[in-house]
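Working notes, structure below.
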Amino acid sequence: MALLAPRRTKYRKAFRGKRGGVATRGNVLSFGNFGLKAMQAGWLSSRQLEAARRAMAHYTQRGGRIWIRVFPSKPVTKHPAESRMGSGKGDVEGYVAVVKPGQLIFEMGAVTKEIAYEALRLASHKLPIDTRLVERGS
């Protein structure tokens with residue numbers, strides 16, 4: 001299981017940032033006929049994305065196509081347990097994708113509507129944000 005992470009980054013640690021506004025890019029279906037759209041802002045870790053992707057692939061028995069429309073490029077730091085306050089910023093724990101409302105997370109194609117909806121529903125249970133199923137032409 002190779003988790004998603006950038007090969008190299010310009011800076012090792014990043015600020016937490018703000019999560020305001022709605023997605024103006026990546027908010028329409030580009031590849032598949034069905035998609036999973038974020039309805040609220042949040043961070044999706046590489047582990048959560050991988051768990052959702054595996055749930056989809058498992059349900060479709062690796063049939064059809066799956067596109068991941070977000071990439072975890074933001075490093076998240078954390079101090080070790082039971083360490084004293086201060087002493088700078090913690091070490092990089094993992095990477096997250098910043099998601100805004102309206103942004104597509106996954107897309108699916110080459111499967112029937114019923115299979116796609118169930119696979120995307122299973123994937124949505126692995127994510128910490130509210131999502132909606134979208135279909136091309138609706």
Side-chain angles (χ1 to χ4, degrees):
M1 177 176 88
L3 291 175
L4 291 172
R7 285 192 191 95
R8 55 190 296 271
T9 55
K10 190 169 183 180
Y11 300 106
R12 202 162 55 89
K13 297 172 182 177
F15 292 128
R16 293 174 67 85
K18 299 275 187 275
R19 301 185 202 178
V22 294
T24 55
R25 301 171 61 170
N27 55 0
V28 291
L29 288 168
S30 300
F31 304 101
N33 296 324
F34 309 97
L36 193 66
K37 186 179 265 197
M39 288 288 110
Q40 65 184 89
W43 287 354
L44 302 180
S45 73
S46 52
R47 289 181 180 276
Q48 291 162 348
L49 288 170
E50 177 66 13
R53 185 200 65 78
R54 288 179 70 166
M56 292 165 64
H58 181 264
Y59 183 79
T60 58
Q61 296 173 345
R62 299 194 45 238
R65 296 286 315 269
I66 297 171
W67 290 271
I68 305 173
R69 294 290 307 273
V70 293
F71 185 79
S73 57
K74 182 186 187 74
V76 173
T77 60
K78 192 175 181 183
H79 269 294
E82 298 179 13
S83 63
R84 293 191 175 186
M85 298 292 285
S87 70
K89 195 166 183 177
D91 297 326
V92 175
E93 186 202 26
Y95 291 88
V96 297
V98 180
V99 174
K100 290 185 171 185
Q103 190 167 357
L104 281 162
I105 303 166
F106 292 107
E107 287 189 33
M108 283 193 84
V111 287
T112 63
K113 181 178 178 177
E114 293 76 25
I115 291 175
Y117 268 48
E118 181 61 19
L120 290 167
R121 188 189 70 80
L122 292 169
S124 70
H125 290 305
K126 307 290 181 187
L127 303 176
I129 59 174
D130 294 336
T131 56
R132 179 178 293 165
L133 300 167
V134 291
E135 187 178 354
R136 190 179 291 280
S138 62

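As a basis for the values below, the full set of heavy atoms in this structure was taken, side chains included, without hydrogen atoms, waters or symmetry mates. Residues: numbered from 1 along the sequence shown.
- For the pair Leu36/Ser124, a side-chain contact is recorded, criterion being any heavy-atom separation below 4.5 Å from C-beta on.
- The minimum heavy-atom distance linking Leu3 with Ser46 is given by the pair CD2-O, 3.9 Å.
- Heavy atoms only, all atoms of each residue included: Ile129 and Gly42 are closest at CG2-CA, 4.1 Å.
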Discussion item. side-chain contact (heavy atoms from CB on, under 4.5 Å), that's the test. Do Thr77 and Asp91 meet it? Break it down for me.
Written reply: CA-CA 5 Å; Thr77 60; Asp91 297 326; over 6 Å; no

Residues 107-120, side-chain donor-acceptor partners within the protein, below 3.5 Å, at least two apart:
{"from": "Glu107", "atom 1": "OE1", "to": "Ser30", "atom 2": "N", "distance (Å)": "3.3"}
{"from": "Glu107", "atom 1": "OE1", "to": "Phe31", "atom 2": "N", "distance (Å)": "2.7"}
{"from": "Glu107", "atom 1": "OE1", "to": "Gly32", "atom 2": "N", "distance (Å)": "2.7"}
{"from": "Glu107", "atom 1": "OE2", "to": "Ser30", "atom 2": "N", "distance (Å)": "3.1"}
{"from": "Glu107", "atom 1": "OE2", "to": "Arg69", "atom 2": "NH1", "distance (Å)": "2.3"}
{"from": "Thr112", "atom 1": "OG1", "to": "Ile115", "atom 2": "N", "distance (Å)": "3.4"}
{"from": "Lys113", "atom 1": "NZ", "to": "Glu135", "atom 2": "OE1", "distance (Å)": "3.4"}
{"from": "Tyr117", "atom 1": "OH", "to": "Glu135", "atom 2": "OE1", "distance (Å)": "3.3"}
{"from": "Glu118", "atom 1": "OE1", "to": "Arg121", "atom 2": "NE", "distance (Å)": "3.1"}
{"from": "Glu118", "atom 1": "OE2", "to": "Arg121", "atom 2": "NH2", "distance (Å)": "2.7"}

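- Between Glu93 and Pro75, the closest side-chain pair of non-hydrogen atoms is not below 4.5 Å.
- To the nearest 0.5 angstrom, Ser73 atom OG is 13.5 Å from Arg7 atom CZ.
- Phe34 and Val134 fall into different hydrophobic clusters, defined by Ile, Leu, Val, Met, Phe, Trp and Tyr side-chain heavy atoms under 4.5 Å apart, directly or through other members.
- Annotation for Arg136: atom CZ counts as buried by contact number, over 12 foreign heavy atoms lying within 6.0 Å.
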Item to complete: Could you walk me through whether Gln48 and Glu50 pass the side-chain contact (heavy atoms from CB on, under 4.5 Å) test, one step at a time?
Response: CA-CA 5 Å; Gln48 291 162 348; Glu50 177 66 13; over 6 Å; no

Worksheet entry | Intermediate values then yes/no, side-chain contact (heavy atoms from CB on, under 4.5 Å), Gln103 and Val70 | CA-CA 9 Å; Gln103 190 167 357; Val70 293; 3.5 Å; yes

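- The two residues Pro80 and Ser83 have their closest heavy-atom pair at O-OG, 2.9 Å.
- If you take NZ on Lys37 and CG on Leu29, they are separated by 7.5 Å, rounding to the nearest 0.5 Å.
- Through direct or indirect side-chain contacts shorter than 4.5 Å among Ile, Leu, Val, Met, Phe, Trp and Tyr, Tyr95 is connected to Val92.
- Residues forming a side chain to side chain contact (heavy atoms under 4.5 Å, CB included) with Ala52 (at least two apart in sequence, or on another chain): Phe106, Ala123, Lys126, Leu127.
- In this structure, Leu49 and Pro72 have side chains that are in contact, with non-hydrogen atoms separated by less than 4.5 Å.
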What side-chain donor-acceptor pairs closer than 3.5 Å can you find for residues 11-28, not counting sequence neighbours?
{"from": "Lys13", "atom 1": "NZ", "to": "Lys89", "atom 2": "O", "distance (Å)": "3.2"}
{"from": "Lys13", "atom 1": "NZ", "to": "Gly90", "atom 2": "O", "distance (Å)": "3.1"}
{"from": "Asn27", "atom 1": "ND2", "to": "Ala23", "atom 2": "O", "distance (Å)": "3.1"}

Show me the donor-acceptor pairs within less than 3.5 Å that the side chains of residues 57-68 make with the rest of the protein, sequence neighbours left out.
{"from": "Thr60", "atom 1": "OG1", "to": "Met56", "atom 2": "O", "distance (Å)": "3.0"}
{"from": "Thr60", "atom 1": "OG1", "to": "Ala57", "atom 2": "O", "distance (Å)": "3.3"}
{"from": "Thr60", "atom 1": "OG1", "to": "Gly63", "atom 2": "O", "distance (Å)": "3.3"}

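- By the side chain to side chain contact (heavy atoms under 4.5 Å, CB included) test, Val96 is found to be paired with Trp43, Ser45, Lys74, Val76, residues two or more places apart in sequence or in another chain being considered.
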